[in-house]
Amino acid sequence: MKILLVGSGGRENAIAWKITSSEFFRSTDSKLFCAPGNPGISQFAECINIKADDIQSLFDFAVRENIELAIVGPEVPLSLGIADKFRAHGMKVFGPDKAAAEIESSKLFAKQLMSAYNIPTAKFKHFKRSESDEALEFLASTEYPVVFKADGLAAGKGVVIADSNEEAIEALNVMCSEDAFGDASQSFVIEEFLRGEEVSVFCITDGDDFVLLPFSRDHKKIGEGETGKNTGGMGAVSPVMKFMEKNISDKIVTKVVIPVLDAMRNEGRKFSGCLYCGLMICDGEPFVIEFNCRFGDPETQSVLPLISSDFLELLLASAEGKMKDYVLSVNKLFSCCVVLASGGYPDSFTKGFEIKGIEDIGNSALVFHSGTEFKDGRLLTAGGRVLSVVGLSDESLENAINKAYESVSKIRFDGMIFRSDIGKQLLIKVEL
Ligand code: AMP
Ligand code: GLY
């Protein structure tokens, strides 16, 4: 089978690694292409120089190569309708149609869906850019903190938390100015701030049946102790055992997962692919912070090593509507993924620094590439998030964390930054 993976980040590197180690992939003599890919992905796939949002060129390539299955990593091509176009031509796709991808590409659609179907989420109000007076009035009488969210896609950065009326007015100005989030903040929501613990839940579904992968914890802020600006994600650990206990995971299934899949079907937007449920657990109750229409990055890098059943068959089961027959099994590993980023990220940063030391890591950790490029025989930094280093242990999360950081210490490039507290909050809580 010929497979096309779309994307170029650490998430796609982990997906390419996992697909090509699948027994089904090997026994069927399959071939993996990736567009556009990156140097890490090129170890597993033939990289094709087509951008992930160039839907027409991806389609032409897929038709020419007789691609049978397309796996779409990022949200942008999904929100542009790549799955609709490929499916209309008879190809199988892992990922939702455009209408279903709106669960991520419009915060307002997602919030209204949750209200209409009683899916627990923060209380919210919606404003258009032209309604800043109404928003000001609302902010004068609300409780703080509040959370501003641009309606459209903003690469994980369209969220501003305001602790006071003063900060909220500043945030409102940002939302209403065109340069901050462009069209993404044509309209925005202001919502209640939820206090609790976050967990990311990947639901792999064909729209009817589903399996949940081991839960993970992202670390979204740039600074240690969850301080500073939001990023795409600075690290992740899995499994988050305490929320996988039956009493909480049952609530996640009955109050969030089943209702949202039913709601999407009911709205004529049946969702297939990976529905990422970003949850806040508040006093043992799950609340939805966001839905994404694809795997999370960097959570994928820490979750995929924990799957022991065939990963390609899992993606195919979703694409073919056969989730009912898929039996998920997971191993007993713990994982910790530490993201190495360019100095300055998530603001502006310089690229083009040589990356050294990956070859010294050997088998003690997995290294996935996000923003890297090969130039004149050297591996260079080429993005904000550069590498994901994943430590694994069959003993404890603590061991997995230590393994990740031992390997991190071997890698260097000018300006390299990373958080040194990935997963550590979970260790403290377990000991208490
Ligand atoms: P999002 O892009 O929606 O995932 O939001 C980014 C981050 O902002 C989340 O991971 C949370 O840490 C935080 N956040 C978003 N919405 C809320 C909320 N209603 N209450 C508390 N924190 C939030
Ligand atoms: N790690 C958060 C995301 O992928 O949206």
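No experiment lies behind these values; they were computed from the predicted model shown. In listed order, ligands and their atoms are each counted from 1. We use all heavy atoms of the structure for the numbers below, so side chains are in, but hydrogens, waters and symmetry mates are not.
In this structure, S200 has no heavy atom closer than 4.0 Å to ligand 2. Ligand 2 has no atom lying under 4.0 Å from any heavy atom of R11. Using a 4.0 angstrom heavy-atom cutoff, G296 counts as in contact with ligand 2. Using a 4.0 angstrom heavy-atom cutoff, E192 counts as in contact with ligand 1. Contact analysis puts K149 in contact with ligand 1, with a non-hydrogen atom separation below 4.0 angstrom.
Using a cutoff of 4.0 Å between basic side-chain nitrogens and carboxylate oxygens, E191 and K111 are scored as salt-bridged. Between E198 and R217 no salt bridge is recorded (no basic side-chain N to carboxylate O distance below 4.0 Å). The existence of a salt bridge linking R419 and D421 is confirmed by a sub-4.0 Å separation between a basic side-chain nitrogen and an acidic carboxylate oxygen. Between K270 and D206 no salt bridge is recorded (no basic side-chain N to carboxylate O distance below 4.0 Å). Electrostatic pairing of R385 and D297 counts as a salt bridge here, judged by a charged N lying under 4.0 Å from a carboxylate O.
Checked by distance only, ligand 2 and E299 come closer than 3.5 Å through their nitrogen or oxygen atoms. Backbone and side-chain nitrogen or oxygen atoms of D297 are examined, and one is located within less than 3.5 angstrom of a nitrogen or oxygen of ligand 2.
Close contacts of ligand 1 with K220, meaning ligand atoms under 4.0 Å from a residue heavy atom, involve 4 (O), 6 (C), 10 (O). For ligand 2 and G232, the ligand atoms under 4.0 Å from any heavy atom of the residue are 1 (N), 2 (C). Near I289, meaning under 4.0 Å from one of its heavy atoms, ligand 1 places the atoms 3 (O), 15 (C), 16 (N), 17 (C), 18 (C), 23 (C). Ligand 1 places these atoms under 4.0 Å from at least one heavy atom of E191: 16 (N), 17 (C), 18 (C), 19 (N). Less than 4.0 angstrom separates some heavy atom of R294 from each of these atoms of ligand 2: 3 (C), 4 (O), 5 (O). Near N292, meaning under 4.0 Å from one of its heavy atoms, ligand 2 places the atoms 5 (O). With ligand atoms numbered from 1 in the order given, ligand 2 contributes 2 (C) to contacts under 4.0 Å with heavy atoms of K220. Heavy-atom contacts of D218 reach the following atoms of ligand 2: 1 (N), 2 (C) (cutoff under 4.0 Å). Close contacts of ligand 1 with M280, meaning ligand atoms under 4.0 Å from a residue heavy atom, involve 21 (C), 22 (N).
Under the side chain to side chain contact (heavy atoms under 4.5 Å, CB included) rule, S216 has a single partner from C337, S200, S335, which is S200.
Distance alone, capped at 3.5 Å, places no donor-acceptor pair between the S342 side chain and the Y345 backbone.
The proximity of E198 to ligand 1, defined as any non-hydrogen pair under 4.0 Å, is limited to the side chain. If you look at L194 next to ligand 1, the close heavy atoms, those under 4.0 Å, come from the backbone and the side chain alike. By the criterion of a heavy-atom distance under 4.0 Å, the side chain of N230, and not its backbone, is placed next to ligand 1. Only the side chain of Y276 comes within 4.0 Å of ligand 2, judged by heavy-atom distances.
Residue K125 qualifies as open at atom NZ: its count of foreign heavy atoms under 6.0 Å is 12 or below.
Between F295 and F202, the ring planes lie perpendicular to each other; the angle is over 60°, past the 30° to 60° tilted range.
Taking the ring axis of F109 as reference, the NZ or CZ atom of R269 stays within 45° of it and closer than 6.0 Å to the ring centre. For the pair K424 and Y405, the cation-pi test (distance below 6.0 Å, angle within 45°) is passed.
At least one side-chain heavy atom of L69 sits less than 4.5 Å from a side-chain heavy atom of K92.
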